[in-house]
Protein chains: 2
Amino acid sequence: MSQVSMQVITELRRMISQGELAPGERLTETQIAQTLGVSRMPVRLAFRTLAQEGLLQQAGKRGFLIREFSEDDVICGLEIRGALEGLAARRLAERGLTDEVRAEFRHILQDGEELLTDQTLNDRKVEQWSAINARFHNTLVEAAGSPVIADAIARNNHLPFASSDSIMIDHNELEREFRKLQLAQWQHQLVVQAIEHGEGARADALMREHAYVGVRYGSLFGLQVRLRP
Amino acid sequence: MSQVSMQVITELRRMISQGELAPGERLTETQIAQTLGVSRMPVRLAFRTLAQEGLLQQAGKRGFLIREFSEDDVICGLEIRGALEGLAARRLAERGLTDEVRAEFRHILQDGEELLTDQTLNDRKVEQWSAINARFHNTLVEAAGSPVIADAIARNNHLPFASSDSIMIDHNELEREFRKLQLAQWQHQLVVQAIEHGEGARADALMREHAYVGVRYGSLFGLQVRLRP
DNA sequence: TCCTGATATATTGGATCCAATATGCCAGAT
DNA sequence: ATCTGGCATATTGGATCCAATATATCAGGA
C-alpha cells in the first residue's frame, strides 16, 4: 500500500472519529478527492477498505454513509475484544510463557505499578498509562503466537471504540479516574498471574471482564457514564 | 460493489480454496486480469479486499502472495468462531427469545431430527445437513441482534476453514460420519435448550465446544483426522 | 394532491495511460 | 568466485477518460 492511499485512509479514519464527518453523512468519491487534493482512485480504495472495516456502510447501490453506532454496538465491540483477547490469554496460559515474554510482562507490570504508586494522576501520566496499557495488550496478543487471532483482534480494533486504548478518561475527575486505572493495573497483574499458573479459564474470564473497564466501570467511582468522547 | 468486481473476488476466492492457486504463490494484477479477461482495476480492488480478509498477504513492497495456513491457524480460526458465536448465544440467552426466533429454532431442530431419524447418510443428506446447519448458525447470529457481532463472525468466516459449513465429511465413511452429525444435532438442541432457559454461560460454552465438531471430533468415531480437503 | 414516467444529472465502475519505483539481471571489480 | 553497482524490465500506483447507470427532478395525468 502506497503513501497516498495510506494517507487517505488514515485521514478519513481521523475525520470520522473526530466527528468532522458526521454519522449518517453521505460520502462521494469526488468530494473527498477534492477535499484531500488527490484523484478519485485512492479515495475509491479507501472507501472499500473502510467499508470492510465497518466504518462505512453502503448507501443503496451508490455511495457510502458514515456508519452510526449505537451504545449497544459499543458494548458489543468491547465484548468481542474481551472474547478474542480472552482466547489469546487462554492460549498463552495453556502453552506456557517463554522467558522473554515473562520478563516483558514483569517489566510492563512494574512500569504500571510505579506510575500509580503516588496515587495521583495528571494528563502526562494518563498518556503514559495509555502507552503501558497498549504494550500489555500487544504483548499478550503477540505472545499468543497466532496470526489468525492477532488479525481478528486487529480488525475489531478498527472500530474506534473497541480498541483497548479507547478508555474514557475525564480529565476533570483525575482523582476518581486514578482508581479506575489502579483497578485496570490490578487486572493486568491478575491476568499475568493466571497465565503463569497455566489457569486458562481464569485468564480468559479476567480478560473478558477487563474489556469492560473503559466504559462500564465509571459508576464504581462516581464517574459519569459517557460512551462518546 | 459492481458485478465484475464481485465476480473477480468470488472467482479468486474459489481458485484459492480449490487450490488452483497454491499457497505461497505470487499473484500479479496483470496476470490475473488476463486470466479472467478483465482490466487491472477490478483485480486491484479484489487483491485489497482479499488481503484484508486474510487470504492474501503482501509480498515485500510489490504484489501479493496466497497466504499459507498452518494446522494451528485452522484451530485458531475455529476457536475464534466458537468464541464469537458463543458470545452471540450468550447474548441471546440473556435477552430472551422472541416467539418468531423460538419457532424458527424449533423448525430447524425438527428438520435436523427428521433428517437423521433413520440413522443413515448419503451424499444428498449431507447436502441437506449442510443447509440445516447453516440455517441454525445464521439464525443464532441474526437473532443475537448485533450487527457488530454479526460482522465480526462474517469476517472470520471468510477464512475458508473457519466457517461453520467447513465441516469435513469423508464420503467413504458415511456410517461413521452419521454419528458426527448426530452429535452436532444434539449440540444444536442443547444450545437452544440453554438459550431458552436463559443459561448464558452454558450456551456460550456449548457453542465454543460445538465449533470443534468439524475437525476435532473425527477420532471419536474412528475417522481420519484431515484438516485439508 | 399525489403518483407515475421520462428526462437530465451526478456518480460510479472499468479501461487505459503515464510516471514512479521495486526487482532482477548482467557486467565488472575485488 | 563472489560481491557490488548500474541498467533494464516488470509491476504497481495515481490520474484521466468514457460508458453505464443510479438518483433526482420535473411534468403530466389520474
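Numbers restart at 1 for each chain; the letters A, B, ... are given by sequence-line order, proteins then strands.
Comparing A:Gly60 and A:Val38 by the nucleotide of DNA chain D that holds the closest heavy atom to each, the one mapping nearer the 5' end is A:Val38.
One finds no salt bridge joining A:Arg67 and A:Glu53 here, because no Lys/Arg side-chain nitrogen approaches an Asp/Glu carboxylate oxygen to under 4.0 Å. Using a 4.0 Å cut-off between charged side-chain N and carboxylate O, A:Arg135 and A:Asp111 make a salt bridge. Ion pair B:Glu79/A:Arg91 not flagged as a salt bridge, since none of the NZ, NE, NH1 or NH2 atoms sits closer than 4.0 Å to an Asp/Glu carboxylate oxygen. Between A:Glu127 and A:Arg124 there is no salt bridge, since no side-chain nitrogen of the basic residue lies less than 4.0 Å from a carboxylate oxygen of the acidic one. A salt bridge links A:Lys180 with A:Glu177: the distance from a Lys NZ or Arg NE/NH1/NH2 to an Asp or Glu carboxylate oxygen falls below 4.0 Å.
Summarising the geometry, the separation between CD on B:Gln58 and P on D:dG13 is reported as 8 Å, rounded to the nearest angstrom. Distance, B:Gln7 CD to C:dG13 P: 15 Å, rounded to whole Å. Spacing between atom CG of A:Leu65 and atom P of D:dA22 amounts to 17 Å, rounded to whole angstrom units. In this structure, the CE atom of B:Met41 is 9 Å from the C1' atom of D:dG13, given to the nearest Å.
For A:Met6, the CE atom sits in a loose shell: 12 or fewer heavy atoms of surrounding residues, nucleotides or ligands are nearer than 6.0 Å.
Judged by distance alone, with hydrogens and angles left aside, the side-chain atoms of A:Asn133 form a donor-acceptor pair with the main-chain N or O of A:Ser164 at under 3.5 Å.
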N/O to N/O distances under 3.5 Å, protein versus nucleotides 9-12 of chain C:
residue, atom, partner, partner atom, Å
C:dT11, O2, A:Arg62, NH1, 2.8
C:dT11, O2, A:Arg62, NH2, 3.4
C:dT12, OP1, A:Glu29, N, 3.4
C:dT12, OP2, A:Glu29, N, 3.4

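Note on the helix from C:dT1-D:dA30 to C:dT30-D:dA1: terminal axis deviation equals 30°, with five pairs used at each end and the result rounded to 10°.
Here B:Ser39 reaches the OP1 or OP2 of C:dA15: one of its side-chain N or O atoms lies under 4.0 Å away.
Using bins of under 30°, 30° to 60° and over 60° for the plane-to-plane angle, the ring pair A:Trp129/A:His188 lands in the parallel bin.
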